[in-house]
Amino acid sequence: MQEQYRTLARAGVHEIEINKSRFLCALAPVATEAEAQDFIAAVRKEHPGARHHCFAYVLGADGGVQKASDDGEPGGTAGVPMLQMLVRREVRYVVAVVTRYFGGVKLGAGGLIRAYGGVVGEALDTLGTVTRQRYRLATVTVDHQRAGKVENDLRATGRVVREVTYGADVRIEVGLPEADIDGFRAWLADATSGTAGLDLGGEAYGDA
């Protein structure tokens with residue numbers, strides 16, 4: 001698995017106008033191709049009068065799934081420059097749909113490439129990106145007496161606390177970079193006088 005990847009901070013729309021043509025770039029974070037296709041369909045439905053709804057998406061922490069469509073624009077002038085912008089910015093799990101309302105002035109191939117790639121780049125700048133870090137999931141089991149201090153110390157040291165469950169004991173699920181596991185185990189033993197348990201689970205991505 002990739003140690004980290006960058007993705008979109010939030011969904012949104014950014015618009016530019018070039019020679020009376022309107023280019024509306026809708027960006028959204030998506031986890032699967034099905035989610036990407038649903039988003040594309042929703043944008044089409046929202047703008048039924050537009051001539052083109054070109055799209056590109058990149059999925060997988062390694063960017064292994066990539067797809068683009070010119071949707072009726074001359075080949076290679078829309079979806080490809082959109083995809084190239086996403087790849088160049090190294091964003092993952094994101095879909096971009098650019099809706100074009102034609103203004104009556106032809107832009108030429110070069111103009112279209114600059115417009116479609118450019119509006120995606122501007123949209124990324126406007127909406128922002130976040131970095132997601134690969135973590136090993138770990139569950140700390142501690143008695144109620146020590147749980148509050150342990151949880152506070154975890155948050156104070158910047159640990160990723162994912163969930164806290166209260167039962168006979170308190171279970172605190174945290175995300176740990178693989179390189180930190182041995183050091184965390186030693187810290188936990190010291191902080192709880194050796195009374196806490198630590199169970200290692202699978203892997204997930206969380207905010208870096």
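Bear in mind the structure is a predicted one, so any value in this text is a computation, not a measurement.
Follow the hydrophobic side-chain contacts under 4.5 Å out from V80 and you never reach V120; the two are in separate clusters. Under the 4.5 Å side-chain heavy-atom criterion for grouping Ile, Leu, Val, Met, Phe, Trp and Tyr, F102 is not connected to Y116 through any hydrophobic cluster. The cluster map of Ile, Leu, Val, Met, Phe, Trp and Tyr, joined by side-chain heavy atoms under 4.5 Å apart, puts L124 and V58 in the same cluster. Cluster membership check: V43 does not share its hydrophobic cluster with V13, using side-chain heavy-atom separations under 4.5 Å among Ile, Leu, Val, Met, Phe, Trp and Tyr. Using a 4.5 Å cut-off between side-chain heavy atoms of Ile, Leu, Val, Met, Phe, Trp and Tyr, with links allowed through other members, V161 and V150 fall into the same hydrophobic cluster.
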### Task
Would you please test F184 and T157 for side-chain contact (heavy atoms from CB on, under 4.5 Å) and show each step?
CA-CA 11 Å; F184 180 79; T157 55; over 6 Å; no
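For the pairing with Y57, the side chain to side chain donor-acceptor pair (under 3.5 Å) check across E35, Q66, R92, E33 returns one residue only, E33.
With values rounded to the nearest 0.5 angstrom, R132 atom CZ is found 12.0 Å from Q4 atom CD. Distance check, rounded to the nearest 0.5 Å: CZ of F55 to CD1 of I40 gives 4.0 Å. A distance of 10.5 Å separates CD of E3 from OH of Y135, quoted to the nearest 0.5 Å. The structure places CZ of R159 at 11.0 Å from CG of D153, a figure rounded to the nearest 0.5 Å. Rounding to the nearest 0.5 Å gives a distance of 15.5 Å between CG of D182 and CH2 of W187. If you take OG1 on T99 and CD on E15, they are separated by 10.0 Å, rounding to the nearest 0.5 Å.
Checked by atom type and distance alone, the side chain of D70 pairs as donor or acceptor with a backbone atom of A78 at under 3.5 Å. In this structure, the side chain of S193 does not engage the main chain of T195 through any donor-acceptor pair within 3.5 Å. Judged purely by atom type and a 3.5 angstrom limit, N152 uses its side chain to pair as donor or acceptor with the backbone of G148. Of the possible polar contacts, none joining the R171 side chain to the V164 backbone as a donor-acceptor pair under 3.5 Å is found.
Pairing each heavy atom of L8 with each of V130, the nearest pair is O-CG2, 4.1 Å. The minimum heavy-atom distance linking G79 with A56 is given by the pair O-CB, 3.9 Å. Taking every heavy atom of both residues into account, S21 and V105 meet most closely at OG-O, 4.5 Å. In plain terms, the two heavy atoms of G197 and L188 that are nearest each other are O-CD2, 4.0 Å. In terms of heavy atoms, R10 sits closest to T126 at NH2-O, 3.7 Å. What you find for A115 and I16 is that their closest heavy atoms are O-CD1, 4.1 Å.
Side-chain contact check for L200 versus R185: some heavy-atom pair is nearer than 4.5 Å. Annotation: side chain of H53 is not in contact with side chain of E46 (no heavy-atom distance under 4.5 Å). Side-chain atoms of H14 and L127, non-hydrogen and from C-beta on, never get closer than 4.5 Å to each other. Side-chain contact check for T7 versus V91: every heavy-atom pair is 4.5 Å or farther apart.
Between D125 and R89, at least one side-chain nitrogen of the basic residue sits less than 4.0 Å from a carboxylate oxygen of the acidic one, meeting the salt-bridge criterion.
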